[in-house]
Amino acid sequence: MRLITLALATLLLLIQYPLWLGKGGWLDVGELERQLASSHARTDQLRARNAKLESEVRDLKDGTEAVEERARYELGMIKQNEIFVQVLRKDEKPAVMMTPPPPPREPKGAKGAKPQKPLDD
């Protein structure tokens, strides 16, 4: 009787082995589910990024506001007759201007006057 019980217990353990540790077993399924969840999360991130890029492309194709915004922030460009004011923190360097500065204004009373020569040092 004891031998039959031992044999049945051994067979039960041998049957359980593929269920837990074999190919397609519960542990393998758990790992595949984790990989699937990770893949879904990555796909969602990429979809969000693609939607953002698609929106940006649509804005650049259809409107001039996106182009103007990029020119202002990335290239430091300003419109003609526009005043540019830049506020810097203590450790920040000024942005490089891509737009040439306007020519200096003539004084009001000096329209017909001759320009003055610079002083020699």
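This is a predicted model, so every value here is computed, not measured. When reading the values below, keep in mind they use all heavy atoms of this one structure, side chains included, and skip hydrogens, waters and symmetry mates.
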Could you tell me whether the side chain of [X] and the main chain of [Y] form a donor-acceptor pair under 3.5 Å?
X     : Y     : result
Glu82 : Lys79 : yes
Ser39 : Gln35 : no
Glu54 : Ala51 : no

To the nearest 0.5 Å, tell me how far [X] [atom1] sits from [Y] [atom2].
X     : Y     : atom1 : atom2 : value
His40 : Arg47 : NE2   : CZ    : 9.0 Å
Asp59 : Lys61 : CG    : NZ    : 12.0 Å
Asp44 : Arg49 : CG    : CZ    : 13.5 Å
Thr43 : Asn50 : OG1   : CG    : 10.5 Å
Thr10 : Ile15 : OG1   : CD1   : 11.0 Å

Within-4.5 Å side-chain heavy-atom neighbours: Arg2 and Leu6: no

CG/Leu46: more than 12 non-hydrogen atoms of other groups inside 6.0 Å: yes

